[in-house]
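So the structure is just underneath, and the comments pick up after that.
Counting starts at 1 for both ligands and their atoms, following the listed order.
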Amino acid sequence: MLWQTSRMHVLTMTTADTKSANYAAMREQAAALFSGERDGLANAANLAALLFELLPDLNWAGFYFLRDGELVLGPFQGKVACVRIALGRGVCGSAAATRKTLVVPDVHDFPGHIACDAASQSEIVVPLLREGRLFGVLDLDSPRRARFDADDAAGLEALADLLLAKSDFDGLVR
Ligand code: SME
């Protein structure tokens, strides 16, 4: 169908040897998705879909945005999730409060972890920061223990930076 060929983005599974090379390829695909579009909600939704499709062993990938002093559920892929998380609560609230990426190899060992899906075994949460201002968090869960490492942290932080550079969040974050 003609309308599909002009608008469809086909994501390619990369097969590079290293995780960092895979993340570099994902950044190129994300940049293509964001080109010509600055709507933060739309770009975050597409980034959640890209991550969920291209990264192996995930059961949740998505966003919480800072709204009136708490984290509120944004676009995601996976099972339904809790809607509001206070700063300092759970893995998401802790990463947001400290403004530092949190890699949790075993969620059962993290005091206060909020279990949205019983299948989750490990988690990574990247704060969304632009010039020191907190916009929210990017959260990924895995059914595999110790799924995330420093390469994932660096790769996801770079993708979060790209999202923030290429999108406007007026009205979405407050
Ligand atoms: N586990 C998170 C809550 C969000 S869900 O994983 C989607 C936490 O402890 O903050």
Hey, could you give me the CG/OH distance between L73 and Y64, rounded to the nearest 0.5 Å?
-> 5.0 Å
Pairs touching residues 150-174 that satisfy ring pair (Phe, Tyr, Trp, His ring centres under 6.0 Å), sequence neighbours left out | F65-F169, F135-F169
Examine [X] against ligand 1 and note whether any of their N/O atoms are separated by less than 3.5 Å.
X: C82; answer: no
X: C92; answer: yes
X: I114; answer: yes

Considering all heavy atoms of both residues, which atom of L128 and which atom of A160 are nearest to each other, and what is their separation?
-> CD2-CB, 3.7 Å
With a 3.5 Å cut-off and no angle check, do the side chains of N59 and D141 form a donor-acceptor pair?
-> no
Just checking, is any N or O donor in the side chain of Q121 or S142 under 3.5 Å from an acceptor N or O on the other one?
-> no
Interfacing atoms of ligand 1 (cut-off 4.0 Å, heavy-atom, [X]):
X: D141; value: 5 (S), 6 (O), 7 (C)
X: H113; value: 1 (N), 9 (O)
X: C116; value: 3 (C), 4 (C), 5 (S), 7 (C)
X: G90; value: 9 (O), 10 (O)
X: E123; value: 1 (N), 2 (C), 6 (O), 8 (C)
X: D139; value: 4 (C), 5 (S), 6 (O), 7 (C)

For the side chain to side chain donor-acceptor pair (under 3.5 Å) test, which of D170, N43, D168 pairs with R38?
-> D168
Side-chain donor-acceptor distances from residues 107-116 under 3.5 Å, at least two apart:
unit_1 : atom_1 : unit_2 : atom_2 : d
H108   : ND1    : D106   : OD1    : 2.8
H113   : NE2    : E123   : OE1    : 3.3

Exactly one candidate in V125, L51, L163, L159 meets side chain to side chain contact (heavy atoms under 4.5 Å, CB included) with L138; the answer is L51
Where's the contact between Y64 and ligand 1, heavy-atom distance under 4.0 Å: side chain, backbone, both or neither?
-> side chain
How far is atom 8 (C) of ligand 1 from its nearest protein heavy atom, and which residue and atom is that?
-> V91 N, 3.3 Å
